[in-house]
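This chain uses plain numbering: 1 for the first residue, then up along the sequence. Values reported hereafter were calculated over all heavy atoms of this structure, with side chains retained and with hydrogens, waters and symmetry mates removed. Since the structure is predicted, the reported quantities are computational estimates derived from the model, not experimental observations.
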Amino acid sequence: MLYYTDTGFTHDGRGGSGFIGQSLSQLLKNRGHQVTIISRQPGQQKITWADVSKNGLPICDAVVNLAGENVLNPLKRWTEQFKQEVTASRIETTRTITQAIRHSSSPPHTWVVVTGVGYYPPSQTQQYTEDSLGGNSDFLSRLVRDWESAAELPGTKGKTATRLVKVRTGVVLGRNGGALPTMLWPFWFCLGGVLGSGKQPFPWIHIEDLCRLLCHTIEQEGKVSGILNAVSPSAVTDTNASFTGALSKAMGRPALLFTPAFAVQMLFGSDRAPMLLEGQRVIPQRTLQSGFSFLYPNLDSALNQLLR
């Protein structure tokens, strides 16, 4: 029995009934797991957050947290209230599960929290592995720092039977949700192009590889723990320009235009625009060392599969 959360969505479409959640649920079921969603609303194969807060977690093998409000929702103004919603949707849900695990008489074997590579400082040159420092460069990095801290089991760190895995993911590419479908429209009308300079790193992962990695963390008991970077092996050298070129090639459409940095800043504001105009060169070092193999190690293989 596995439980994963269903509270809101991030720009990558996380959430139990969302983009990643649906794909993960299907893969887990195909691999013989029974899946239950922790949701705001009751329903079939669901338990509510109120149930967890009041009664704790039922006996299960693993819990995966995919919760989070959409940081890059252009319809939401970047107000203090919205920033609090973004923070609470991640940290409070994570803390609720952590406390339930801590007080459980039969805690799950594995506790997986899915965060982001925004933990690392933006840089066009620095390369980051799971051992690299971060968590204090901007709003997003501090959010990930506090988010992951909330997943720690207070007072029992290193002594609990529950294995904590922090999966830091890049942009998740999939045909049914996340960032890719909204990126396709300009290209269909030959209006596609780079954002800003195009030199910003573009850390990414195929949805199928991400879900396979989450299954890997659950099923490899005792072998996988700590931090894993969920990005493609080629992501360390991929940029917004190389992604744009690969997408243009896969779609058979030109990419002659560009969106200037000031336009992105006007739309998203000074706090959120860097999430699109800057990036991190991330290496999945411990992910590969854990024995995980990527089905889509580069942009061409990923986009050809997603757009065929």
Who passes side-chain hydrogen bond (donor to acceptor under 3.5 Å, both in side chains) against Trp204, sequence neighbours left out?
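Listed in chain order: Asp238.
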Looking at side-chain heavy atoms only, is the closest gap between [X] and [Y] below 4.5 Å?
X: Arg286; Y: Asn229; value: no
X: Lys29; Y: His33; value: no
X: Val63; Y: Val112; value: no
X: Thr36; Y: Ile47; value: yes
X: Thr239; Y: Lys199; value: no
X: Ser123; Y: Arg281; value: no
X: Glu219; Y: Arg31; value: yes
X: Glu130; Y: Lys166; value: no

So which heavy atom on Ser290 is nearest to which on Val224, and how close?
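Heavy atoms only, the tightest pair is CB-CG2, 4.1 Å.
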Distance from Thr115 atom OG1 to Arg168 atom CZ, nearest 0.5 Å?
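With rounding to 0.5 Å, OG1 (Thr115) is 6.0 Å from CZ (Arg168).
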Show the atom names and distances, to 0.1 Å, of all donor-acceptor pairs under 3.5 Å that link a side chain in residues 248-267 to residues at least two apart or in another chain.
unit_1 : atom_1 : unit_2 : atom_2 : d
Ser248 : OG     : Arg253 : O      : 2.2
Arg253 : NE     : Trp188 : O      : 3.4

Hey, is the main chain of Leu195 close enough, under 3.5 Å, to the side chain of Gln200 for a donor-acceptor pair?
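Side chain of Gln200 to backbone of Leu195, a donor-acceptor pair under 3.5 Å: yes, one is there.
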Do Arg163 and Thr110 have side-chain N/O donor and acceptor atoms under 3.5 Å apart?
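There is such a pair (donor and acceptor under 3.5 Å, judged by atom type) between the side chains of Arg163 and Thr110.
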Does the salt bridge (Lys or Arg N to Asp or Glu O under 4.0 Å) test come out yes or no for Lys83 and Asp271, once each step is laid out?
CA-CA 10 Å; Lys83 289 168 74 171; Asp271 277 335; 3.7 Å; yes
Quick check on the 6.0 Å ring-centre criterion: do Phe189 and Phe187 meet it?
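They do not qualify: ring centres at least 6.0 Å apart.
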